[in-house]
Structures are given as structure tokens and as C-alpha cells.
Trainee: 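Quick one: this structure, given as C-alpha cells, is what I'll be asking you about.
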Amino acid sequence: MAKISLQHINMIYPDGTGTNTQALKDIHLNIEEGEFISVLGASGCGKSTLLEIISGLLKQTSGQIFLDGKEVTGASKNIGVVFQDSSLFPWRTVRRNIEFGLEINRRSKADKKILVDKYIKMMNLTGFEDRYPQQLSGGMRQRVGLARTMVNDPEVLLMDEPLGALDYLTRQTLQDEIVDLWRRENKTMIFITHDVAEAVYLGTRVVLLSPRPGRISNIYEIQEDRPRRRTDLVQLALIEKIQQRLNEISSDREDIRAYI
Amino acid sequence: MENKRAKIIGLYSGQLIFLLAVLGLAEYAVKAGKINKMFLAAPSDVAIEFYNMIVQNILWPHMIITVEEFFAGYAVAVAAGVLLGVVFVAFPWIDQFFTPFFSAVMAVPKVAVIPLLIIWFGIGLLSKMVLVFLFTFFVIFFNTRNGAKQTNINFLKVAKVFGATKSQTVFKLLIPAAMPSIITGLRITATTGLTGVIFAEITASKAGLGYLLQESTALYNTPRMFVVIIVVTILSQFFVAFVNFLEKNVFLKWQKL
């Protein structure tokens with residue numbers, strides 16, 4: 001049985017003028033336990049909408065989502081989300097930010113200490129426990145964001161372009177850390193990105209979404225072993241292939257013609 | 001660097017000389033009879049009056065009463081303002097229904113209701129408390145509400161995926177997110193609240209700094225009026241400093257990095 005099953009998901013936003021905007025069209029996908037799914041697409045293709053639907057933040061117009069065969073109808077403890085800009089609470093220190101989910105679940109003080117310490121160590125945040133978010137670099141902040149989600153031990157991790165705002169080198173370091181984390185903790189990952197190389201380097205499958213409305217255009221399997229090399233020729237060839245396909249589907253856009 | 005420091009020292013000493021000149025002028029004008037003693041007090045007389053009031057223990061008991069009246073009303077206003085402010089954001093239908101009424105009551109000039117408050121609550125502590133509340137509550141309430149409404153939408157998403165309850169969202173997100181705006185409200189009302197007490201005491205009371213002011217006017221004791229004015233000013237600045245202290249060291253430590 002699939003870990004997560006998306007069945008014919010449609011999302012339509014009413015825009016008030018009578019015409020509706022279809023953000024997602026018939027998204028149908030089964031994700032096995034322990035998979036690393038990269039969801040790739042140009043901006044405006046509904047990637048974030050899809051993530052918000054899976055995490056229970058938004059309600060789809062039609063279709064169903066199953067986690068371990070049980071329908072998901074709202075926020076679930078077994079699904080964790082890491083947001084694009086890390087969204088750390090500026091009034092909480094690193095430790096208190098990571099603690100947030102445990103606090104919400106009313107865990108004991110001892111539990112909190114043990115779990116938070118574990119993830120502070122795992123995410124290389126030792127020595128920064130009492131800093132506030134604005135005292136940290138972008139990479140550090142995203143590590144805290146990851147730790148905050150991981151501490152609740154969700155089975156499925158959703159990530160919405162978590163590395164989008166980082167510089168190239170920090171980005172690569174964090175990509176490797178995310179892969180390590182995934183392999184060690186045996187999570188099922190759904191990772192949203194608009195960077196083709198990132199999608200291919202990380203994923204076991206790359207799901208390519210086409211824009212307006214967001215549909216699954218192609219699915220690419222990546223069977224390469226870990227650790228992967230970024231300069232691997234098979235990988236580079238695939239990146240090029242996906243990039244070409246991305247260019248083709250992007251040119252389908254008709255809504256810009258009126259302005260050009 | 002050296003030059004800059006010299007400039008600052010020059011500025012400060014210039015300001016000090018100006019201040020002393022103004023005080024000296026006032027001293028001369030009153031002592032030489034150029035200005036009637038009833039209208040202006042010579043600085044030296046004000047200092048002597050201040051000394052006498054301390055020695056005869058006149059100032060202190062009145063000040064305590066004013067401060068008590070202020071804090072009694074202010075504490076209620078802060079608690080009610082912050083709590084209602086976030087509740088209005090947590091429950092949009094409450095906000096929609098009641099906000100017009102709150103705005104309308106806020107628009108009433110508070111001084112105009114003093115006579116009514118005296119009829120309702122007498123001339124003691126209670127009427128002062130209610131007036132301080134009216135002077136301060138609305139500003140604290142609206143600052144809290146508007147601050148909480150500005151909460152970053154992503155923070156709310158985080159709370160929702162973690163499964164936070166409504167009360168957890170209120171206490172762990174809305175209040176901390178509104179804190180900068182709440183502090184601004186506290187800083188404004190720390191002085192307006194004191195104004196309210198003084199007003200009420202001038203109108204009808206048997207004690208307090210406002211009463212003292214009223215009494216010294218009746219007795220044409222101009223130096224004493226100046227003493228009270230100076231004490232009230234210092235008191236209000238002290239309240240503001242206290243709010244600033246809380247801001248820097250307790251509530252908004254993270255903003256001051």
C-alpha cells in the first residue's frame with residue numbers, strides 16, 4: 001500500500017468575478033514509504049497549493065488524499081511541513097523555536113529537553129541554542145526550521161522550496177544534510193523546488209508539473225545510488241532532458257500573449 | 001572623533017547656559033516685581049516650597065494616592081485591553097460586531113464624562129479608576145488588535161500544521177506577534193492615564209496631586225502649583241521609562257539585538 005496516495009486532486013479558486021482559476025487539475029500520484037519525491041515546476045504552477053492541500057492547510061475542491069490508507073482531512077501529526085522562509089518565530093530563541101511543536105502537544109519538560117537536544121546536535125546547532133533567529137545566517141535558520149519540524153517525528157516531511165533563499169554553497173551543504181537526514185530517519189519526503197538540478201540530485205522520483213492549471217506532466221525515475229555526485233553524466237543528461245521538457249510546457253502559456 | 005566630542009560638549013554647555021538664563025530671568029522678574037507673584041513663582045521660591053512640602057510631609061501622601069488610583073485603573077485596562085484585543089482577532093465575528101461600538105465609545109471626549117462618573121461612583125478611588133480605564137483602555141485594545149492582525153500568515157500556518165488549538169494560537173502567536181504594538185500602546189497610555197487621574201482629582205476629590213493643585217490655586221500658592229506640575233511631569237516620565245525598561249529587558253528583548 002502506498003504511504004501517501006493523491007487521488008484525482010482538483011483545486012479551483014473562485015476569483016470573485018465569476019470566472020474561476022483552476023490551480024490544480026487531476027493530480028494523481030502514489031508515493032511509497034521512504035521515497036524522496038521532488039516536485040518540480042515553474043512559478044505559478046500550483047506547487048505550493050499542492051503542498052498546502054497535502055498538509056491540510058487548504059481543502060481541495062475535489063479528490064482525496066490517503067495516508068496509510070486513511071483519508072487525510074486536516075492537519076495531521078504524521079505530516080510535517082518546512083516552509084520556504086523558515087518562518088521561525090522571531091521572539092523565540094533557537095531552543096524555544098524547536099520546542100514549539102512539543103509545547104503544542106503538551107509534552108513533559110524532560111521529553112522536551114531530550115528531544116530538542118537531540119535535534120540541536122543532529123542539525124549542527126550546538127552553541128546557538130540561545131540565539132534569536134535574526135542573529136543567524138539563512139542556512140542556520142533553515143536548519144532550525146528543519147529541526148522544529150523533525151522534533152515531532154512526522155512520518156512524511158513536506159518541504160516548500162526550503163533552500164530557495166540560500167546562496168549556492170550553503171544550498172549544496174543543506175541538500176546533503178537533507179539527504180542524510182532522510183536516509184537515517186527513513187522518512188517519506190515531498191520536496192518542492194523550481195531548481196531542476198536540485199530536484200534530480202535529491203529525488204528518487206521527479207514529478208514535473210505543468211503550469212496553469214497545474215497538472216502532472218512527466219514523472220522521472222532516478223535509480224542512481226547514494227551518495228550521488230553532482231557531476232555524474234547520467235544525472236546531467238537527465239537534468240538537460242527535464243529542462244527541455246520544462247521549456248516546452250512553459251511556452252504553452254497563453255495568458256501572457258495579450259501583453260506582449 | 002575629537003572634534004565631534006568637542007561639538008557635543010559645546011552643545012550641552014550651551015543648552016545648560018540657556019536654561020540657567022531662563023531661570024535667572026524668571027527669578028529676577030518676580031523678585032524685582034516686574035511680574036506679579038501670583039502669576040509666576042521665582043525658581044528659588046519653588047525650591048523652598050518643595051523643601052517645605054517634603055519636611056512637612058505634604059507631598060508624599062498625595063502622590064501615593066495619585067499613583068494608587070492610576071495603577072488600579074491602568075492594571076484593569078491593560079489586562080482587559082490585551083485580552084479583548086486578541087480575542088477580537090481570534091474570533092472575526094466578534095470583531096465585526098463589536099468594533100463599531102468600541103470606536104464610538106472611544107470617540108467620546110473622556111473629560112466630558114467626569115461629572116457623570118462622580119455621580120455614579122463618588123469622589124473616591126472608584127471614579128478615578130474608571131476614568132483612568134476610559135483614558136487608557138481603548139488605545140491598548142486597538143493597538144493589541146491591530147498588532148495581532150499583522151501576524152505573519154506563515155506563522156499561523158506553522159501553528160496550524162502543528163495542530164495548535166485556538167487558545168494556543170492566541171497565547172503563543174497572537175500576543176507575542178502583537179507585542180511591539182502593545183508596548184507602543186502602553187507607552188502612550190502611561191502619560192494619558194496620569195492626565196486622567198489629575199483631571200478627575202482637580203474636579204472632585206479629597207486627596208491626590210490634582211487635589212493639591214486645586215487647593216494651591218484656591219490659596220494663590222503659586223510656588224506650590226509649580227512644585228506639583230514638576231512632580232506630575234517627573235511621574236509621567238518615570239512611567240514611560242518603566243515601559244521602556246520592560247520593552248528592552250522583558251518583552252522585546254529579541255528586537256533590541
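Protein chains get the first letters and strands the later ones, always in sequence-line order, with residue 1 at the start of each.
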Trainee: Given heavy-atom pairs under 4.5 angstrom as the criterion, report whether the side chain, backbone, both or neither of A:Leu158 touches chain B.
Mentor: neither
Trainee: Got A:Ile79 and B:Val161 here, is their nearest side-chain heavy-atom distance under 4.5 Å?
Mentor: no
Trainee: Would a 4.5 Å heavy-atom cut-off, applied to side chains only, mark A:Phe100 and B:Lys172 as touching?
Mentor: yes
Trainee: Go through the steps to decide whether B:Val158 and A:Arg148 satisfy the test side-chain contact (heavy atoms from CB on, under 4.5 Å), and finish with yes or no.
Mentor: CA-CA 10 Å; B:Val158 171; A:Arg148 181 175 63 181; 3.5 Å; yes
Trainee: Should we count CZ of B:Phe199 as having more than 12 external heavy atoms under 6.0 Å?
Mentor: no
Trainee: Let me know which of A:Leu102, A:Asn105, A:Asn152 forms a side chain to side chain contact (heavy atoms under 4.5 Å, CB included) with B:Phe162.
Mentor: A:Asn152
Trainee: Take atom CD in B:Gln96; do more than 12 heavy atoms of anything else shown fall under 6.0 Å from it?
Mentor: no
Trainee: So which residue, A:Lys77, A:Gln84, A:Arg106, ends up with the most heavy-atom pairs under 4.5 Å with chain B?
Mentor: A:Arg106
Trainee: Tell me which of these, A:Ser76, A:Pro90, A:Pro154, has more heavy-atom pairs under 4.5 Å with chain B than the rest.
Mentor: A:Pro90
Trainee: Crowded around B:Phe171 CZ? As in, over 12 foreign heavy atoms under 6.0 Å?
Mentor: no
Trainee: Measuring from atom CD of A:Glu103 to atom CD of B:Gln168, what distance do you get when rounded to the nearest 0.5 angstrom?
Mentor: 8.5 Å
Trainee: Can you tell me which portion of A:Thr93 sits under 4.5 Å from chain B's heavy atoms? Options are side chain, backbone, both or neither.
Mentor: neither
Trainee: When you measure from the side chain of A:Gln134 to the backbone N and O of B:Trp254, does any donor-acceptor pair fall under 3.5 Å?
Mentor: yes
Trainee: Distance check, rounded to the nearest 0.5 Å: B:Phe155 atom CZ versus A:Trp91 atom CH2?
Mentor: 5.0 Å
Trainee: Quick check: do A:Glu52 and B:Lys160 have side-chain heavy atoms less than 4.5 Å from each other?
Mentor: no
Trainee: To the closest 0.5 Å, what do you measure between CG (A:Leu88) and CG (B:Asn154)?
Mentor: 11.0 Å
Trainee: Nearest 0.5 angstrom please: B:Thr169 OG1 to A:Ile104 CD1, how far?
Mentor: 6.5 Å
Trainee: Quick check on A:Lys59: does its NZ atom have over 12 non-hydrogen neighbours (other residues, nucleotides or ligands) under 6.0 Å away?
Mentor: yes
